[in-house]
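Take a look at the structure set out below.
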Amino acid sequence: MQTELRGRDLIGDLDFSREEVETVLEVALDLKRKRALGEAHPYLRDKVLAMLFFFSSTRTRGSFEAGMAQLGGHAAFIESKTTQIAHGDTPKEIGEIFGRYFDGIAIRHVDWGIGNQYLNDVARNSRVPIFNMQCEIYHPFQILADLLTIVEKKGRDLRRKKMVVSWAYAASYQKPISVPQSLILQMPRFGLDVVLAHPPEFKLMPEIMDEARRQARKYGVGFEVVDDMQAGFKDADVVYAKSWGALLATTDQEEGARIIKKYESWITDERKMALAKPDAIYMHPLPADRQIEVSNAVIDGPQSVVYDEAENRMHVQKAVMALTMH
Ligand code: CP
């Protein structure tokens, strides 16, 4: 168990070593058990977390806020548009000033080419831990929750299990690429053979792909890219299919929408799920475009674990906060 986590930031998925992530999972399971038993666990009494949002959220906001309260502390919800950031507060000032008010600063900023830099600029100037509630490159807390969910459903020995991370059609908007990128970085460290499936225009960042290949080599697991959803789903133990934008091809919303429209057939439905193993689980971070990205029969069906994933956001976040903010 690696317990030297006090004061640490979590911005990218690999900021914590594999052993440190194992510690997070162990603590998360302990906190989940304590909550189920109604056992108080006020490890962060009187501590306050700032939650700075540049983009909307349901699960991330709710789970961080509830988690801090359950740990005996408080979370302050701050929307960037209600601050003076637009009038000149710099990331340095946010780091310096919020670092003096709060015991941790969590930030969601998904603007392309801006968000991750913003988090790192705040982190450089903050005396307290910085948590990435999603930027345009990474969504590390989502992936910790996904990993905990996979361990709960498939056991701790994930070797020779196949996970497909697939693009799926959704018309609502060009969604960030941070979830698939974080998945292909983290999952190889835990033994899963990862297959990434997407149409040609939906490539991920080359440096992330290179790092995912390096992780797969290091941990002796498979990492393959295919451009066919069915091929990706075949014999999978874990199906993780969600939409993301063609952001490496274009950041223009209209052009992106035109590209997305070409791939309406990339829906997760019962026919495609039948290609996976009979006991495969279906995962999605939510929100999903129902009946477009995934059929109701799948997302509400027996293989779906989407609500467990959403619940586990809270447990892994509490674990990271308890380990870093005390
Ligand atoms: N999965 C996730 O991050 O959900 P929200 O966007 O609602 O926070």
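Read the numbers this way: they start at 1 and go in the same order the structure lists the ligands and their atoms. Atoms considered below: every heavy atom in the structure, side chains included; atoms not considered: hydrogens, waters and symmetry mates.
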Can you give the donor-acceptor pairs under 3.5 Å from side chains of residues 144-163 to other protein atoms, not counting sequence neighbours?
from: Asp146; atom 1: OD1; to: Gln142; atom 2: NE2; distance (Å): 2.9
from: Asp146; atom 1: OD2; to: Tyr240; atom 2: OH; distance (Å): 2.8
from: Thr149; atom 1: OG1; to: Ala145; atom 2: O; distance (Å): 2.7
from: Thr149; atom 1: OG1; to: Asn312; atom 2: ND2; distance (Å): 3.0
from: Glu152; atom 1: OE1; to: Lys32; atom 2: NZ; distance (Å): 3.3
from: Glu152; atom 1: OE1; to: Asn312; atom 2: ND2; distance (Å): 3.0
from: Glu152; atom 1: OE2; to: Lys32; atom 2: NZ; distance (Å): 2.8
from: Lys153; atom 1: NZ; to: Asp308; atom 2: OD2; distance (Å): 2.9
from: Lys154; atom 1: NZ; to: Asp279; atom 2: O; distance (Å): 2.7
from: Asp157; atom 1: OD1; to: Arg159; atom 2: N; distance (Å): 3.2
from: Arg159; atom 1: NH1; to: Tyr219; atom 2: O; distance (Å): 3.3
from: Arg159; atom 1: NH2; to: Tyr219; atom 2: O; distance (Å): 2.6
from: Lys162; atom 1: NZ; to: Gly232; atom 2: O; distance (Å): 3.0
from: Lys162; atom 1: NZ; to: Lys234; atom 2: O; distance (Å): 2.6

Exercise. Does Arg61 make a cation-pi contact with Phe53 (under 6.0 Å, within 45 degrees of the axis)?
Worked result: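 Judged by the rule, Arg61 and Phe53 form no cation-pi pair.
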Problem set entry | Neighbouring residues of ligand 1, heavy-atom cut-off under 4.0 Å |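 Around ligand 1, where the cutoff is 4.0 Å for heavy atoms, the contacting residues are Ser57, Thr58, Arg59, Thr60, Arg108, His139, Gln142, Pro285, Leu286, Arg313.
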For this session: Give a yes or no on whether the ring-centroid distance for Phe77 and Phe64 is below 6.0 angstrom.
Result: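 Centroid distance Phe77-Phe64: not below 6.0 Å, so no.
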Hydrogens and angles aside, do [X] and [Y] bring a side-chain donor and acceptor to less than 3.5 Å of each other?
X: His74; Y: Lys47; answer: no
X: Arg6; Y: Thr324; answer: no
X: Lys318; Y: Gln70; answer: yes

